[in-house]
Amino acid sequence: MMDKEYDPKDIEPKWYDFWLNKKLFHADAQDSGRPSFSIVIPPPNITGVLHMGHALNNTLQDILVRYKRMDGYNTLWMPGTDHAGIATQNVVERHLAEKGTSRHALGREEFIAEVWRWREKHGNIIIGQLKRLGASCDWERLRFTMDEGLSQAVKKVFVTLYNEGLIFRSDYIVNWCPRCHSALSDLEVEHEDENGFLWHIRYPKADGTDGVVVATTRPETMLGDTAVAVNPEDERYAGMIGQEVILPILKRPIKIIADSVVDKEFGTGAVKITPAHDLNDYEMSLRHGLEVIVVIDESGVMNQHAGPYAGMDRFACRHQLEQDLQEQGYLVDKTPYKVPVGKCYRCKTVIEPYLSKQWFVAAKPLAEKAIAAVKEGDTRIIPPQWEKTYYEWMNNIRDWCISRQIWWGHRIPAWFCENCGGVTVSETEPGVCCHCKSDKIRQDTDVLDTWFSSGLWPFSTMGWPEDTPELKRFYPTSVLVTGFDILFFWVARMMMMGIKFMGDVPFKDVYLHALVRDEHGQKMSKSKGNIVDPLIEMERFGADAFRFALTAFAAMGRDVRISEKRVQGYRFFINKIWNAGRFVLSNLGPDFDPDAIARKDLTLGIADKWILTELGRAIAGTRDALDSYRFNDAAETIYHFTWHTFCDWYIELAKPMLEGASAATTRWVLWYVLKNILELAHPIIPFMTEEIWQILPGAKGVSIVVAPYPKTDDGLNFPDEDRGMNILLELISGIRSIRGESNIPPGLELNVILKAEAPEVRQIVQGHMDYVRRLARVKDVSFMAEGQTRPPKTAFAVTADMEIYVPLEGVIDIAKEQERLAKQAKTVKADLEVRLKKLSNKGFLEKADPEVVEEQRQIKAELEFKLERLEKALALLEA
RNA sequence: GGGCGGGUAGCUCAGCGGGAGAGCAUCGGCCUUACAAGCCGAGGGUCACAGGUUCAAACCCUGUUCCGCCUACCA
């Protein structure tokens, strides 16, 4: 029935369909009996296909959601997608270009219809991929930022903020993408240092004499210069302030002004001022009442004010201008210089600072409350080192440019009056101007920044501005799980909007995970060829193995480094559990019924009590790790317990027990531990755990998805047996070590002689000889009588509680054994010296915690014991 | 320029005041009736460098250095 090799191919989709059919992911907003747990998904772009970042992000969310769902919470994971204004528009435009047309050929309305059609066809691809991953979202509640309801929320927020003066329209230098033909927010610009030049250009006086030399990295903007600025305290230029110089080429006279922001040390200490194409210069122009001349148009082409350069691309102009300046003797110097260049985060085109009228959100007042909310602990940021970054940004927040000159998005609900020039802002079509009642009004053609609508996500998805049961039950959400790369883009804005419109923070915790990189820490990129595709990984190794790999590497605050090899490694683990399942199930037999077995009737032996105690530790450890977002610790705990405790030891111990008198108890323990492992691991490994759980006797309920999450059980905690069992395990390990290192043939059964002072140690060993025989392949174990001399030609090992002798006449290589023991003795001796030094230190004895001192004494005693025996054994070998 | 994170076994990383750990890789031995995608055993580290605090430092502090990343209106 169960193959020895686990094959996820058919099993994974089978159970996902099952879960959907049973509506196990659906949250009931009316259910008020249980505490609720809610997460809103970071909505992927409709243009997106699942990449590693999504895979990690959604795996972590799914782990939390599945854990809480099993643990009894009324759990909502709200899914959805983002319309992703510029990104989507670019994709569809490219698509149109392939068909030989363009958005301008189609016109606005037809283009938007085209995007919707595109979205119908491709927009939910990523949803299917999330399902493949196992994401247990409440798909009945799937949202889209351009849905009717969410669009209503956007309008309501815009109008409210406008009426409060927190949204305004203004002339400003914005980051302009000449390719997208749109303004961008500060965050949408990527900064990079590039190799450029610093040009020194002489602006002569009217009479042709020296004038001033200015330094610039962008000579083409000089065509729009309307002043030269110097520091008022710069003696070099003291006499020239207020005088005029002549702009080369265009021969326009411009004034020398004094402004304290000019750095005397930089370049020549004289700055050319281009108000229309530089933010600093623009602000200076406001202070000094300078003329503003636009010389570069919205496509990055020089316009009619650029004189002979009109019609040239800005970079071609720079080139030509340099030549002309040189020929005419104005170019004084040109030196290599690292220039910070801003690029559009969507299309990588070099940004042009551009003067235009845009809509802004006055972020400062909103930010203040968002700062306070974190300060007061209403929202926790995890890991906490991000708090500082959050404060830093929030404290220095600038007005947020929210208008975009594209077509795909939420159109700004503002109408301009052709009659009086007034603006009417309204949630509904106003019909007439609210100032002069003229009907000659037209709606703003701009749309809103994508992040404006995503900023409302935690409450707009729950039906706001309606007063819905969802909001009542699930807002604020429990936690937001996202990458730190969108802390400002998204998290900060949700904080501001949530507090403003809901009067409460949008989430109690923010868990910021790291980015996914390749196994050497390189960013994944197509050109490097190091992309790991989640879909291929899942195809090859299964979603379970893939999820486990991501989780195991998701250490807090660290990059997640992943490679195919690593995913494959965890596939072995999935298979390991599978085989443990096979073993347990095949041994339970057809009549096994856990309900027919009462706890009090169990005859638990030392090994049983030990594994149950270890299970309790694993449960506590996993819960603790998940409760504090230490995902890798949870994975590690489950991995280690399952493989190296349960499989490596207990299953092996169980084999002889299954033939003994307490076989029924052993079967129960095997069943119990396996069931707990499956449930413990289910949040990380949803599919395979379900597959076994469903055929496991006594697994109650429709699915493991809604089975109770394991809890520690005080009735199954046995610290004494836990310690006792360790004596046996050490004994077995000691014998195995001798066998391994002495190259003893595996078939050869050994006779072992033990010396143990403590009667309880002897008792434990004598009482459980079967384990030792079986696991260490021993024929007979005997105890050395008091005063008995050690047998010669023996291999030796020592544990904390006993000495182990293995007579190996004819088999043992004396020289090798000597070498082995000498090496061990050396290690022990070095360790012992550290303890002795410590314990002879007065300061340590006086100041250290008494518990620590006692601990050190015990370690010392143990080491002394070991060393003494090792040395004696060595001496014996030499004799 | 400002900020943050990191430098621990060959590789990738845990550990973050009291015995240097894991996984993978390596080496040796095993088809032991759940699993060779497995089992048993072994080797391997002046915890970047230099100071300091402490009875005690991989861990805390200071400085240096090398790598990432974020941020910025130095023309």
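Here the structure is a predicted model, which is why all the values come from computation and not from measurement. Naming: A, B, ... by sequence-line order, numbering from 1 per chain.
B:U54 and B:G29 are spaced 48 Å apart, taking the C1' atom of each and rounding to whole Å. Distance noted for atom C1' between B:G15 and B:G52: 24 Å (whole Å). Taking the P atom of each, B:C49 and B:G7 are spaced 12 Å apart, rounded to whole Å. Using P as the reference atom, B:U32 and B:C24 are 22 Å apart when rounded to the nearest Å. Spacing between B:G19 and B:C61 at atom C1', rounded to whole Å, works out to 26 Å. The C1' atoms of B:G6 and B:C59 are separated by 15 Å, rounded to the nearest whole Å. With C1' as the reference atom, B:C35 and B:C70 are 47 Å apart, rounded to whole Å. Nucleotides B:G2 and B:A72, compared at atom P, are 15 Å apart to the nearest Å.
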*Under the salt bridge (charged side-chain N to carboxylate O under 4.0 Å, His left out) rule, what do A:R857 and A:E855 come out as? Steps first, then yes or no, please.*
CA-CA 5 Å; A:R857 284 216 172 92; A:E855 193 185 38; over 6 Å; no
*Apply the test salt bridge (charged side-chain N to carboxylate O under 4.0 Å, His left out) to residues A:K779 and A:E749: give CA-CA distance (whole Å), side-chain angles for both, the deciding distance (0.1 Å), then the verdict.*
CA-CA 5 Å; A:K779 188 159 60 183; A:E749 291 201 321; over 6 Å; no
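Among the protein residues, A:K576 comes within range of the nucleic acid bases, having at least one heavy atom under 4.0 Å from a base atom. At a threshold of 4.0 angstrom between heavy atoms, the contacts of A:I651 include nucleobase atoms, whether or not backbone atoms are also involved. A:R571 comes within contact range of at least one nucleobase, with a heavy-atom separation under 4.0 Å. Looking at heavy-atom distances under 4.0 Å, A:D263 makes contact with a base.
Taking atom NE2 of residue A:H200 and atom P of nucleotide B:A75, one finds them 13 Å apart after rounding to whole Å. In this structure, the NZ atom of A:K4 is 11 Å from the C1' atom of B:U33, given to the nearest Å. The nearest whole Å value for the distance from the CG atom in A:L585 to the C1' atom in B:C35 is 14 Å. For the pair A:Y6 OH and B:A36 C1', the interatomic distance rounds to 21 Å; values are reported in whole Å. When the P atom of B:C39 is taken as reference, atom CG of A:N575 falls 11 Å away, rounded to whole Å. In this entry the distance linking CG of A:L836 with P of B:A56 reads 17 Å, nearest Å. Protein atom CG of A:N579 is 10 Å distant from nucleotide atom P of B:C39, rounded to whole Å. Atom CD1 of A:I738 and atom P of B:A42 are 11 Å apart (whole Å).
Note that OH of A:Y345 and CD of A:E188 are 4.0 Å apart. Values are rounded to the nearest 0.5 Å. To the nearest 0.5 Å, atom CZ of residue A:F489 and atom OG1 of residue A:T482 are 11.5 Å apart.
The main-chain N or O of A:I684 is found under 3.5 Å from a side-chain atom of A:R547 such that the two form a donor-acceptor pair. A side-chain donor-acceptor contact under 3.5 Å links A:N396 to the backbone of A:E392.
Between B:U71 and A:T389, no contact under 4.0 Å exists linking OP1 or OP2 to a side-chain N or O. Considering only side-chain N and O atoms, A:R398 lies nowhere under 4.0 angstrom from the phosphate OP1 or OP2 of B:A72.
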Under 3.5 Å, which protein N or O atoms sit close to an N or O of nucleotides 19-26 of chain B? Give each pair with its distance.
from  : atom 1 : to     : atom 2 : distance (Å)
B:G19 : OP2    : A:R835 : NH1    : 3.2
B:G19 : OP2    : A:Q856 : NE2    : 3.3
B:G19 : O2'    : A:D831 : OD2    : 3.3

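Among A:W386, A:Y629, A:F484, the single residue meeting the ring-ring contact (aromatic ring centres under 6.0 Å, His included) criterion with A:Y511 is A:Y629.
With B:G3, B:G43, B:U71 as the choices, the nucleotide that has an atom nearest any side-chain atom of A:F488 turns out to be B:U71. Residue A:D193 places its side chain closer to B:A72 than to any other of B:A75, B:G41, B:A72. When distances run from any side-chain atom of A:K823 to the nucleotides B:G43, B:A72, B:A75, the shortest one goes to B:G43.
Comparing A:V262 and A:K655 by the nucleotide of RNA chain B whose heavy atom lies nearest to each, the residue mapping closer to the 5' end is A:K655. Each of A:V339 and A:D648 was matched to the nucleotide of RNA chain B holding its nearest heavy atom; the match closer to the 5' end belongs to A:D648.
In this structure, A:R566 is positioned above the aromatic face of A:F553, its NZ or CZ under 6.0 Å from the six-membered ring centre and within 45° of the axis.
Side chains of A:D225 and A:Y203: a donor on one and an acceptor on the other come within 3.5 Å. A:S628 and A:R630 are linked by a side-chain donor-acceptor pair at a separation below 3.5 angstrom, with hydrogens and angles left out of the test.
The distance between the ring centers of A:Y639 and A:Y570 falls below 6.0 angstrom.
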_Strand RNA chain B in bracket notation, Watson-Crick/G-U under 3.5 Å with | for pairs to another chain_ = ((((((((.[[[[.)..(..]]]].(((((.......))))).....[[[[[..)....]]]]])))))))....
